[in-house]
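FYI, side chains are in, hydrogens and waters are out, and symmetry mates aren't considered; it's all heavy atoms of this structure. Note that the structure is a prediction, hence the values are computed from the model and not measured. Proteins come first, then strands; the chains are lettered A, B, ... in the order of their sequence lines, and each starts at number 1.
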There are 2 protein chains.
Amino acid sequence: MAQTSEKPVTIIADSNEPPALLSRLRLIPGVHVELRELFAGDFIVGDGVAVERKSAQDFVNSIMDRRLFAQVAKMKGEFETVVLLVEGDISKSASDIAPVALTGALSWLAVIEKVSLISAGGGLGETAGALHRMAIHCQHGLGYEVPLRAGKPKELHTARQFFLEGLPGVGPGLARRLLAHFGTPSAVFSASEKELREVDGVGPGTAKKILEVLG
Amino acid sequence: MAQTSEKPVTIIADSNEPPALLSRLRLIPGVHVELRELFAGDFIVGDGVAVERKSAQDFVNSIMDRRLFAQVAKMKGEFETVVLLVEGDISKSASDIAPVALTGALSWLAVIEKVSLISAGGGLGETAGALHRMAIHCQHGLGYEVPLRAGKPKELHTARQFFLEGLPGVGPGLARRLLAHFGTPSAVFSASEKELREVDGVGPGTAKKILEVLG
DNA sequence: ACTTCCGATCCTTGA
DNA sequence: TCAAGGATCGGAAGT
């Protein structure tokens, strides 16, 4: 089972969405599309997560005639999370709007309404793909975890140094000095706060944080 | 509506931000820039609202080398609202990443992390303008002058898991199980090979490598 | 982010 | 009961 994408997801779509997009969605294995009359938004991709689909041109127009404000407010009233999926290049359609009005709208969306804007390049495939991915994330989570520490060395000494760099306040330099002073990571971990502070670059704050993380 | 805004706002900037951008900000009437060492993020434009500034290229790169996830996790730990301000055209820099990975990243930001992404076109002026607008929205858009202060510190548990991921053969999953089994990193480090192997996913090979690095 | 790959681990079989 | 097989999971590397 190599496929990430065969997990079953349900996407609720407003009945007014273009048939071409709907069938494009249904082509994706594992996707179940359900039609409904939605009061606000075009798609529901997860619990409390609504998506409004807009062409770049329509997005810009809706800023100018202030439709956007009302639409978003309505959606925010009904859903916890709202995503604006914009198809096409906004800057191409931005010629007929004051730049400040555009940045103003973007800022307002981000900072006041907490609405995310995803830009998706014109094709149906991209739109469908984005909806699918959002549905998966909402309904199944990532499906794996992202390793926070990439690029582990394999040679013993560098592996030890790298490992110690995971401690709060410890970078490459301090890691090396700790190793030089104590010999092994084990010895570092059994050191008292006082002993830790003997190492150059370890103050009270760092020592305390280290001990806290160690437990 | 007369002036766009001469209302006074304060923007806290990380001291590592380029001087050119900082002075560009200070040129804007009503903007007060305050320098600080920020633990996470590049700017604070309102109470609990942090902004991370990235070039489009850097954005794409940081997806590939996983830097972005660590950064966002850190910021979400400290601030309630996080905005990613991307300078330049992402699609231009997207050549060396699988398209599906890019949409995946955008979806992840929007739907899982609830982080807004604002695209701002390369110039300093645009970046400064966007920061200004966000500051105005935060500080005057709803309510009054706000005490600019960051929220809760990073979770202890996350720091511990991150730390354990530095061990060879230990990724997110195993790090979590180790913590669940032993309670603290300290307890893990004083375990014998036998005890280590009680944890699901730790066989002879992994146990040996772990003990070797610990010393 | 996603995918592919590889190795270690675990589980079932069958002697 | 234990050894050998294959299925499975999780980590590492690359796009």
>> Tell me the interatomic distance from B:L178, atom CG, to D:dG10, atom C1', rounded to whole angstroms.
In response: 13 Å
> Under 4.0 Å between a Lys/Arg side-chain N and an Asp/Glu carboxylate O for B:E195 and B:R197?
Replying inline: no
> To the side chain of B:A105, which of C:dA1, D:dG11, C:dT9 is closest?
Replying inline: C:dA1
> So does B:E17 pair up with B:R53, basic N to acidic O under 4.0 Å?
Replying inline: yes
>> Quick check on C:dA1: is either OP1 or OP2 less than 4.0 Å from any side-chain nitrogen or oxygen of B:S107?
In response: no
>> Measuring to OP1 and OP2 of D:dA12, would you say a side-chain N or O of A:R149 lies under 4.0 angstrom away?
In response: no
>> Considering every strand and a 4.0 Å limit on heavy-atom distances, what is the contact class for B:L102: base, sugar-phosphate, or nothing?
In response: nothing
> Should the ring pair B:F189 and A:F189 be called parallel, tilted or perpendicular, given that the plane angle runs from 0 to 90° and is split at 30 and 60?
Replying inline: parallel
>> How many whole angstroms separate atom NZ of A:K154 from atom C1' of D:dG11?
In response: 16 Å
>> Among D:dG11, C:dC10, C:dA1, which nucleotide has an atom closest to any side-chain atom of B:D200?
In response: C:dC10
>> Rounded to whole Å, how long is the line connecting atom CZ of B:F59 with atom C1' of C:dA1?
In response: 9 Å
> Out of D:dG14, C:dA1, D:dG11, which has the shortest distance to the side chain of B:R66?
Replying inline: D:dG14
>> Rounded to whole Å, how long is the line connecting atom CG of B:L68 with atom C1' of C:dA1?
In response: 9 Å
>> Less than 4.0 angstrom between a side-chain N/O of A:K152 and OP1 or OP2 of D:dG11, yes or no?
In response: no
> When the nearest nucleotide of DNA chain D is assigned to B:L174 and to B:A98 on a heavy-atom basis, which residue is associated with the more 5' position?
Replying inline: B:L174
> Got a salt bridge between A:K54 and A:E87, using NZ or NE/NH1/NH2 to carboxylate O under 4.0 Å?
Replying inline: no
> Contact class for A:P147 (heavy atom, under 4.0 Å): base, sugar-phosphate, or nothing?
Replying inline: nothing
